[in-house]
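Taking it in order: structure first as structure tokens, then the write-up.
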Amino acid sequence: MERSDPQQVTNRQVAGVLTFMGQLLEISGDDPFKIRPYYRAAQEVERQSEPVAGRGEEELVALRGIGRQIARKIGEIEETGTFRELDELRAEIPDSLIELLALDSVGPKTINLLWKKLGILSVGDLDKAARNHRIRAVKGFGAKKEENILRAIDRFQQKNGRMTRAEADAIVNAATGVLLPGTFTVAGSYRRGLSTVGDIDIVTLEERDAVRPRLTAVADEVIDDGSRKTSLRIGGRRVDIRYATPEIYGAMLMYLTGSKAFNIRIRAVANSGGYTLNEYGLEERSSGRLQTFADEEGLFRELKMDYVPPELREDRGEVELALAGALPSLVDLPDVRGDLHSHTRWSDGRQTLEEIAVRGDELGYEYILITDHSSSLGVARGLDTDALQRQQSEIEHTNRRHTCTLLSGVEVDIKSDGALGLPGKMLADLDLVIASVHSGFQQEEDQITRRILSAVENEHVDIVGHPTGRLLGRRPPYAVDLARVIERAAEVGTALEINASPHRLDLDDIYIRQAKEKGVKLTIGTDSHRTSEFSNMRYGITLARRGWCTAPDILNTSTLAGLLEW
DNA sequence: GCCGTTTTCGGCCCGACTGTTTTCAGTCG
């Protein structure tokens, strides 16, 4: 690992090193209770808004899940990029073994054994060994295991990453299309509203024997098939079905919704109350009596805590607040009074102003902000001052015929030197201005951060659009230092956008929460280019909820008058 | 390795399924 300047160690890097340690410990076969704290500490570091680098040991120990040992190691990471125990472990265990952890049906024990018995160091080695039938020669392994490994390698090489919400919806529709309406819930990370989804988890009330033939008919492959659960591959994605009865539906749903960290935490809460919690209900330790729950609400009540919305179930402090009865009341779709990001045929959109106004009326919106691109963005056929003025007058005409008010705005380009793509005089004339980066994604952190900061500080800019520029599964965020952007936005009162496009979902939840806590206002914009995309608002709302937002945190829950006053 | 309204020591979430086994380890969620 490279030696790094103390100022430059990011939380993500610290978390990465701690995770790396956890993975090596797993392969080494160490005590699982010694391994988990590394992952837990990594999670805690990653959700901090301020860098952990530079904090003293006392301050680190005050964080949940970080004790003396790991605090000291974080100190070492700041200095050297690594720590002594990690280096010692790396001397024993080859780094390359870690990639094998990504294979289905291959875990740390298997990796350790194959490494020691067959000298397997990489996925390539494993592939060769399996093809030459050297796996089945190892005691404890057989032909089935060998076949499973080859299939896992095949999938690994296809590199099917996580799905966008839109892709997940397609898989969900394929799977639930064969289930009786009203008899199932999609759980897992899909229900928690993550920006990307790994696999699909479904709880159903239908009986296993009744539903299984319908499910296998739409599946590529049956992965697991027991009496209580069936695992399939549909559209190349894993879909897990759990069978429940009405009495246990609440406990089953909570279990399958997760997250894993939340389940661990909530089960510890149950333990301290003298219960054991599993997917069937609460078992009283003393009597062994099982208490069942038809819904999650009853289960939370019995644990003497607030109902925790699925979007918060990450063990990021929500359990403590729920026990204290102090969870925030999260923003929800009906709170939304308008959309603050849309494009028309005037630039790269496929919809007219009239079509947008009709859609706004249908949605019961009070307003929709029209934000076509500025002319500096050549690829999107951007608008110059003249075109914008003509658009403004067409907006005025359109507004006479509709309840939903179209607001005139622009998505002005933040050029590579931080200047804006339109003159300030023009921007001052508009209702609201979004400023976004659309080029120069490769700039160094300091450069691109200062570039965005100059937009944040510009008197005409109201909102910074898609602040990290990521395209899920296709383009990583640019190197912007969001902590600095959030801090400055709070100072000058510029809002940050939660872009609701399922391809962006930008800002992500951790930064939304940091912005909210600093008092930064947020907007949710669908970035619609066609009328069907206004319904993507639901993705933005889900993301805002994951960022702990209440209605007052989100500008487009304001009335039109309230919005314009802001 | 972390943690404490049972505890500063002794716990740590809990169960389903597969594969290779004569009773269970490993993986997964």
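Below, read A as the first sequence line, B as the second, and so on, with proteins coming before strands; counting in each chain starts at 1.
Of the candidates dT18(B), dC13(B), dG15(B), the closest approach to any side-chain atom of Asp224(A) belongs to dT18(B). Nearest nucleotide to the side chain of Lys109(A), out of dT27(B), dG19(B), dG1(B): dT27(B). The side chain of Gln69(A) has dC2(B) as its nearest neighbour among dC13(B), dC2(B), dG15(B). Of all nucleotides listed (dT27(B), dC17(B), dG19(B)), dC17(B) comes nearest to the side chain of Lys229(A).
Note on Thr110(A): a side-chain N or O is less than 4.0 Å away from OP1 or OP2 of dT27(B). Between Thr276(A) and the phosphate of dC14(B), there is a side-chain N or O to OP1/OP2 separation shorter than 4.0 Å. Of the side-chain N and O atoms in Tyr255(A), none sit less than 4.0 angstrom from OP1 or OP2 of dG15(B). The shortest distance between the side-chain N/O atoms of Arg36(A) and the OP1/OP2 oxygens of dC13(B) is below 4.0 Å. In terms of phosphate contacts, Lys139(A) brings no side-chain nitrogen or oxygen within less than 4.0 Å of OP1 or OP2 of dT21(B). Between Asn278(A) and dG15(B) there is a side-chain N or O to OP1 or OP2 distance below 4.0 Å. Residue Asn271(A) places at least one side-chain N or O closer than 4.0 Å to OP1 or OP2 of dC14(B). Contact between the side-chain N/O atoms of Tyr275(A) and the OP1/OP2 oxygens of dC14(B) is not found at any separation under 4.0 Å. For dA16(B), the OP1/OP2 oxygens have a side-chain nitrogen or oxygen of Arg228(A) closer than 4.0 Å. Taking 4.0 angstrom as the limit, Arg238(A) places none of its side-chain polar atoms (N or O) nearer than this to OP1 or OP2 of dC28(B).
Note: CZ (Arg68(A)) to P (dC3(B)) measures 11 Å, nearest angstrom. Leu113(A) has its CG atom 14 Å from the C1' atom of dG19(B), to the nearest Å. Separating the CG atom of Asp104(A) from the P atom of dT27(B) is a distance of 12 Å, rounded to the nearest angstrom. Atom CZ of Arg136(A) is separated from atom P of dT20(B) by 10 Å (rounded to the nearest Å). dG19(B) atom P lies 11 Å from atom CG of Asp225(A), rounded to whole Å. Straight-line distance from the CD atom of Glu283(A) to the C1' atom of dC13(B): 13 Å, rounded to whole Å. A straight line from OH of Tyr243(A) to P of dG29(B) spans 17 Å, rounded to a whole angstrom. When the P atom of dG19(B) is taken as reference, atom CZ of Arg151(A) falls 9 Å away, rounded to whole Å.
A cation-pi arrangement is present between Arg165(A) and Tyr190(A), with the terminal nitrogen or guanidinium carbon under 6.0 Å from the aromatic centre and inside a 45° cone about the axis. Under a cutoff of 6.0 Å and an axis angle of 45°, Arg546(A) and Tyr511(A) do not form a cation-pi pair.
Nucleotide dT8(B): unpaired (no Watson-Crick or G-U wobble partner with both distances less than 3.5 Å).
Side chains of Ser105(A) and Asn148(A): a donor-acceptor N/O pair is absent below 3.5 angstrom, by distance only. Between Arg47(A) and Asn11(A), the side chains place no donor N or O within less than 3.5 Å of an acceptor N or O (distance only, hydrogens not considered). Counting only N and O atoms by type, the side chains of Tyr243(A) and Thr230(A) include a donor and acceptor under 3.5 Å apart.
The gap from the P atom of dG19(B) to that of dC9(B) amounts to 46 Å, rounded to the nearest Å. dG15(B) and dT6(B): their C1' atoms are spaced 27 Å apart (whole Å). For the C1' atoms, the distance linking dG26(B) with dT21(B) amounts to 12 Å, nearest Å. Using atom C1' as the reference point in both dC2(B) and dT8(B), the two lie 12 Å apart (nearest Å). Across dC12(B) and dT7(B), the matching P atoms stand 16 Å from one another, rounded to whole Å. Here, dT27(B) and dT20(B) have their C1' atoms 14 Å apart, quoted to the whole Å. Annotation: dG10(B) and dC17(B) have their P atoms spaced 37 Å apart (nearest Å).
Looking at heavy-atom distances under 4.0 Å, Ile266(A) makes no contact with the nucleic acid at all. Contacts of Lys145(A) with the nucleic acid, taken as non-hydrogen atoms under 4.0 Å apart, involve only primed sugar atoms and P, OP1 or OP2. Residue Arg40(A) is out of contact with every strand shown, counting any heavy-atom pair closer than 4.0 Å. Contacts of Pro32(A) with the nucleic acid, taken as non-hydrogen atoms under 4.0 Å apart, are absent. As judged by a 4.0 angstrom heavy-atom cut-off over every strand, Ala251(A) is placed among residues making no nucleic acid contact. Within the nucleic acid shown, Ser227(A) comes within 4.0 Å of sugar-phosphate atoms alone, with no base atom in reach, counting heavy atoms only. Using a 4.0 Å heavy-atom criterion, one finds that Arg64(A) contacts the sugar-phosphate atoms exclusively. Contacts of Arg285(A) with the nucleic acid, taken as non-hydrogen atoms under 4.0 Å apart, involve only primed sugar atoms and P, OP1 or OP2. If you check every strand for non-hydrogen atoms under 4.0 Å, Ile70(A) touches sugar and phosphate atoms only.
When side chains are defined from C-beta on, Arg68(A) counts as touching Glu57(A), because their heavy atoms get closer than 4.5 Å.
Toward the 5′ end of DNA chain B lies the nearest nucleotide of Ile66(A), the other residue of the pair Leu103(A) and Ile66(A) mapping further downstream. Comparing Ile35(A) and Asp240(A), the nucleotide of DNA chain B nearest to each residue sits closer to the 5' end for Ile35(A).
Among the candidates Thr176(A), Leu232(A), Ile234(A), Ile171(A), the single residue satisfying the side-chain contact (heavy atoms from CB on, under 4.5 Å) test with Ile200(A) is Ile171(A).
Between Tyr38(A) and Phe83(A), the two ring planes are parallel [angle under 30°; tilted spans 30° to 60°].
More than 12 heavy atoms of other residues, nucleotides or ligands sit less than 6.0 Å from atom CD of Gln157(A).
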